[in-house]
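Structure first, commentary second.
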Amino acid sequence: MTTPALSIDGLSIDYVVGAGRFHAVSDVSLDVESGHVVGIVGETGCGKSTLAQAIPRLLPEPPATIGGGRILFQGVDLVKVPRWKMPTIRGTGISMIFQEPLNSLNPAFRIYDQVAEAVHVRRARESRPGGLVRADGAPFDYSKLPAPRAGDTIAGHFIPGGVAQDAVHRRQVERAAGGTPSEVREVVLDYLKLVRINDPETILDLYPHELSGGMRQRIMIAMALCEKPSLLIADEPTSALDVTIQAQVLTLMKELIREVNTTILFISHDLGVIAETADELGVMYAGKLVEFGPVAEVFASPRHPYTKALLKAAPTRYKTDGPLLSIAGSVPNLSRPPPGCRFHPRCPIARPQCTVEPGPPLAPVAGAAPNHKSACYFPEEVPGIP
Amino acid sequence: MATSGAVANFPPRASAGQSARQVYVGLRTFYRVLKANPLTFVGFVVVAILCIAALLMVVAPHVLAPYGPDQITTAYNQGPSGAHPFGTDGLGLDIYSETLYALPLDLEIAFAIAGAAMIGGGVLGLIAGYWDRPGSASGALSVVIMRITDIFLAFPSLILALAIAVSLGRGVWQLIVAILLTWWPYYVRLVRGETLAVKHLPYVSAARAAGVTDGRIVLRHILRNVLEPVVVYFTLDIGTVLVTLSTIGFVGLGVAYPSTAEWGSMISYYQGSGLITAYPWTVLGPGLAIFVTVLAFSLLGDGLRDILDPRSRRVLGGTGTGAITVATPPEAPLPPPAPAESEDLPGSEAPTAV
């Protein structure tokens, strides 16, 4: 039994606005296994981006406040880590790709300067006395790395959940003491090639406004990858791009997920994206995780009425007749969520029991895969909903 | 192996050839921006002439000024002529020479005040803007900085400067201190506002997510993007400082003329002794000098934004590395590097929603 790369336990996040409290995330528990890709889906405003940004503690606090719970990463509870220590965990520990590629690069600096900054963050940490600390707490022994072979690439040498052990990387570390700009340039070029940027030599000297949205998102991905994070959080990396560019970036992401073999938390509202990339899938509704399980099983036989309704409402290219299905009712106001199960006002199988606080806990479903959990009192009835 | 060499090596220094080219491209861009804005061009040329003249007046005053400082000529109260372009006064001083002798001092005072206000106010503004989380120690510091700033802003700056100038007495340093004490709060306000706007932009979040420390984010990402409006404001401010400086001199609280030449004090001296009605040309020299200098800096400031913004810079500069040089379609994927396993990638078609 391995320890998960990330373990969220009973996490609650509120936004305090004036006298009101907006319960954006309520009592979410989630394990992300090392080397797995975990997808989180849910409609707009269900708290998935809040959850994603809370993990590396990037939420503005205030107005956000972590009401309770733990975020365990490499044996450390990130909720309790002092604010000034967080930068040492971000980047090399947890890195993030944002949903706004158009504004995520500093307009005043050339691409090279920005990617090189990420490379330097990594190097500076490695060249500290004691170097980087592995996920299991042991110091990292660079002498035990395999010798470089011809054709070695950066990708393919990631160790899930730990620190990358690749030949190119070792050379980087050896040079770290006296690395010259041209070597940094080589590393930056390697990563731009990794994200399939054509003519990287030219791109290096351009400013962000001279690149398209898709190219900028690739640069962001390169920046996140060159720090070799133990956990990569992708917060809707494609939602700001148009459809054809989305497809290209997603294809790239899918290839990179296989190549770098790292742990990824993939936030999206696009079920198709999750279906193709993720190993496990979590479904969020109104700030709660309502279902979690292996992606194939959740798609094939959802055990929460909301998941079932969400899957039915998703458009397919084969359905050409009639309007798209929608879920009756509307999303609850999260400053005064309905008592009990938050989905009960819209649920076809709701009973009086569902309105009693606290709502149904996220519990394993009988007769399903062992890690398939549903926050419904009647998961066995869900397959029967028309 | 474990040294801090990698840290000291940042940012990566360009090679000699690269930097020479960068300087060339920078100068060419600067020239093109100036050419595109004729008024900025005029401002730049006049500012350049004024600065060179000021330098000459310090190094070799006789190149420009026909008479020495405080040199009494035999001509008294003469109107403008070939020998005395701005005329002479009752003491026989050549006003043209005196105006030139005041040039370095006036520019020095204006730059010193605006520069010190920009640096001091800018640092305070960055601190107050970036570390403003309520409830923390740094948030309390931010509140203290802003309240003190507000107290200073509550007084009309000219009146406050006059009051301080009165209490300190006459002299160059007293004048600088008096104006500076009223000048820095505007920069705190400006920089804090810009910092607040910039720090919530996605690229600052992205830098934080990449593990960049707060100090670096402020010094690198925020400062660089705040700099643009601040430098423009600074340039325009040189003119404003000069006017304030002259006003204080005009009411007789600045530098003591004729022992030290300063434009505002010169005007004050000539009109104060009632000579302005009989010999109006006496105020022409210093008045014209103030007018030209303030106008030149204002014109230059307006065009500086274009020079500092990478977007307009590229358009106007048209460097050889522009995006147009990407001849091949940039989205064409390269072959994946050394695939570890050669299984088919699932779903190679464009993904769509289920």
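Quick note on labels: first sequence line is chain A, next is B, and so on, each numbered from 1.
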Classify the angle between the aromatic ring planes of F297(B) and F111(B) as parallel (below 30°), tilted (30 to 60°) or perpendicular (above 60°).
perpendicular

Residue pair Y187(B) / D237(B), side-chain donor-acceptor N/O under 3.5 Å
yes

Give the member of S205(B), A207(B), A209(B) that has the highest number of heavy-atom pairs under 4.5 Å with chain A.
A209(B)

Given the options L201(B), V212(B), T213(B), which has more heavy-atom pairs under 4.5 Å with chain A than any of the others?
V212(B)

Tell me, side chain or backbone of I94(A) under 4.5 Å from chain B's heavy atoms, or both, or neither?
backbone

Testing the 3.5 Å rule here: is there a donor-acceptor pair between the side chains of H221(B) and E117(A)?
yes

Applying salt bridge (Lys or Arg N to Asp or Glu O under 4.0 Å), can you list everything that pairs with D132(B), at least two apart in sequence or on another chain?
K199(B)

Chain B contact via L58(A) - which portion, at a heavy-atom distance below 4.5 Å:
both

